Amino acid sequence: MSVALRYLDSAADDATRLATRLGIPAHLITQHRFPDGEIAVNVAPTAATTILYLPLDQPNDKLVTILFAAEALRREGCSRLVLLAPYLCYMRQDVAFRPGDAISQKAMGRLLAGLVDRVITVDPHLHRTPRLGDVFPGIAADELSAMPAIAAALRGTLDPDTVVVGPDSESQQWVDALAKLIGTRSAVAQKIRHGDRSVEIALPDASAIAGRPALLVDDIVSSGGTLIACTRALLGAGATSVDAVITHALFPPAMLRDFAAAGIRSIRSTHTVPHPTNAIMLDELFVETLQGEIGKTTKETRA
Ligand SMILES: O=P(O)(O)OC[C@H]1O[C@H](OP(=O)(O)OP(=O)(O)O)[C@H](O)[C@@H]1O
């Protein structure tokens with residue numbers, strides 16, 4: 001069997017745990033940074049099928065690493081390259097808001113589709129793009145949902161009066177999925193974004209929140225502006241407590257103090273981005289999704 005998983009130091013624990021579950025070897029992608037800032041990448045030993053496990057937070061260097069790793073792997077005989085990017089970067093700009101804006105979602109899609117055979121990610125922020133496959137022309141693209149794992153982690157811990165709340169229309173999909181899985185009420189707020197760190201939140205029906213615990217659900221927390229504005233709106237509407245569950249924790253851990261000061265009781269995230277709030281594991285989901293890759297390669301090797 002020639003299947004291996006490759007990873008970067010920043011996600012070593014998650015990557016090696018997954019490889020162990022899959023029963024395949026895990027190797028670090030070694031890198032060297034030259035004095036001028038350029039990067040050299042080494043991927044020895046190579047395998048016929050390579051799974052690149054790369055959470056694409058802080059993405060700029062990592063994209064260069066994928067570019068170079070793909071070059072080396074292909075040249076050395078890798079016939080199948082699967083990118084498992086639990087968090088997929090540059091998805092949030094899906095249209096040109098002003099003339100001349102780069103549509104990062106499109107550019108990223110074309111770049112990665114030219115390098116790998118399959119992209120797997122979790123809760124991508126596609127907004128107006130209907131499917132992940134539309135971002136990646138000509139290759140397989142798997143859009144996994146963290147909501148079943150989040151629901152499993154929450155089951156039995158919630159007050160039955162809890163209202164699952166999302167901050168904006170984009171979050172409707174996650175709110176609906178989670179509320180259905182855990183059997184609670186739900187509500188979706190309206191968000192107006194004024195800038196990178198400045199948002200305004202309006203709750204459509206404050207009476208649905210008053211006197212109940214609120215569970216905020218969102219895909220991404222980055223500047224924290226959305227989470228804080230939404231918490232203030234919920235507490236202002238009479239929520240008895242606010243807890244948050246998120247898929248991708250992109251915020252600096254020091255910001256947890258600001259969240260606590262705003263009245264957020266707890267924040268739990270999945271491990272799509274390594275972070276101190278990681279509490280919801282997606283290993284099972286990744287194993288199920290990747291099992292076919294290993295089965296297929298084993299069959300091809302035997303044939
Ligand atoms: O922590 P923050 O910096 O506030 O960022 C997080 C928010 O940003 C994203 O939505 P975005 O505002 O990009 O919405 P859109 O793509 O739906 O316009 C995401 O869904 C969160 O709600």
Side-chain angles (χ1 to χ4, degrees), residues 86-87 122-125 143-191 199-222 224-251 253 255-273 275-286 288:
Y87 171 66
V122 183
D123 295 342
H125 192 97
E143 194 178 329
L144 309 180
S145 169
M147 294 309 135
I150 292 178
L154 292 169
R155 212 161 276 131
T157 68
L158 290 180
D159 183 319
D161 264 353
T162 300
V163 188
V164 172
V165 182
D168 54 19
S169 57
E170 173 80 356
S171 68
Q172 181 90 51
Q173 57 189 304
W174 299 300
V175 169
D176 288 350
L178 192 59
K180 191 169 171 208
L181 286 162
I182 58 182
T184 58
R185 296 175 178 79
S186 64
V188 172
Q190 285 149 6
K191 176 167 79 183
V199 299
E200 200 182 311
I201 296 279
L203 289 169
D205 178 12
S207 67
I209 306 294
R212 301 181 198 282
L215 177 70
L216 258 170
V217 62
D218 208 354
D219 58 339
I220 295 170
V221 174
S222 172
T226 299
L227 201 56
I228 288 178
C230 205
T231 299
R232 288 190 181 133
L234 288 165
L235 293 174
T240 54
S241 59
V242 178
D243 295 281
V245 283
I246 57 170
T247 307
H248 313 294
L250 298 179
F251 60 94
M255 203 179 275
L256 284 167
R257 278 197 298 271
D258 303 326
F259 295 149
I264 302 174
R265 191 168 63 174
S266 72
I267 302 182
R268 277 171 284 183
S269 66
T270 75
H271 63 102
T272 57
V273 176
H275 196 272
T277 56
N278 289 171
I280 298 156
M281 307 315 279
L282 302 176
D283 294 5
E284 208 55 51
L285 182 63
F286 294 158
E288 268 169 34

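FYI, side chains are in, hydrogens and waters are out, and symmetry mates aren't considered; it's all heavy atoms of this structure. Bear in mind the structure is a predicted one, so any value in this text is a computation, not a measurement.
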Run the side-chain contact (heavy atoms from CB on, under 4.5 Å) check on Y87 and L250 step by step: do they pass?
CA-CA 9 Å; Y87 171 66; L250 298 179; 3.4 Å; yes
Closest heavy-atom contact between I201 and A229?
CG1-CB, 3.6 Å
Note: A151 and L181 closest approach over all heavy atoms is CB-CB, 3.6 Å
Of the non-hydrogen atoms in R185 and A179, which two are nearest, and what is the gap between them?
O-CB, 4.3 Å
Enter the distance from L154:CG to I182:CD1 here, rounded to the nearest 0.5 Å.
5.5 Å
So I150 and R268, side-chain contact (heavy atoms from CB on, under 4.5 Å) or not? Walk me through it.
CA-CA 9 Å; I150 292 178; R268 277 171 284 183; over 6 Å; no
How many angstroms lie between atom OG1 of T231 and atom CD1 of I264, to the nearest 0.5 angstrom?
3.5 Å
Nearest non-hydrogen partners of R212 and D161, listed with the distance:
CD-O, 3.4 Å
Minimal heavy-atom distance between V188 and D168, with the atoms involved, is CG1-O, 3.3 Å
H248 (side chain) donor-acceptor with D123 (main chain) under 3.5 angstrom
yes
Determine yes or no for a side-chain-to-main-chain donor-acceptor pair under 3.5 angstrom, with T272 supplying the side chain and T247 the backbone.
yes
Atom CG of L178 and atom OG1 of T184: how far apart are they, to the nearest 0.5 Å?
6.5 Å
Quick one: OG on S186 to NZ on K180, what's the gap to the nearest 0.5 Å?
12.0 Å
Can you measure from CZ (R265) to OG1 (T240) and round to the nearest 0.5 angstrom?
7.5 Å
Between P167 and T226 the two heavy atoms that sit nearest each other are CB-CG2, 3.4 Å
Is any side-chain heavy atom of L227 closer than 4.5 Å to a side-chain heavy atom of F251?
no
Between OG1 of T270 and CG of N278, what distance do you get to the nearest 0.5 Å?
6.5 Å
Can a donor-acceptor pair be found between the side chains of S171 and D218 at a distance below 3.5 Å?
no
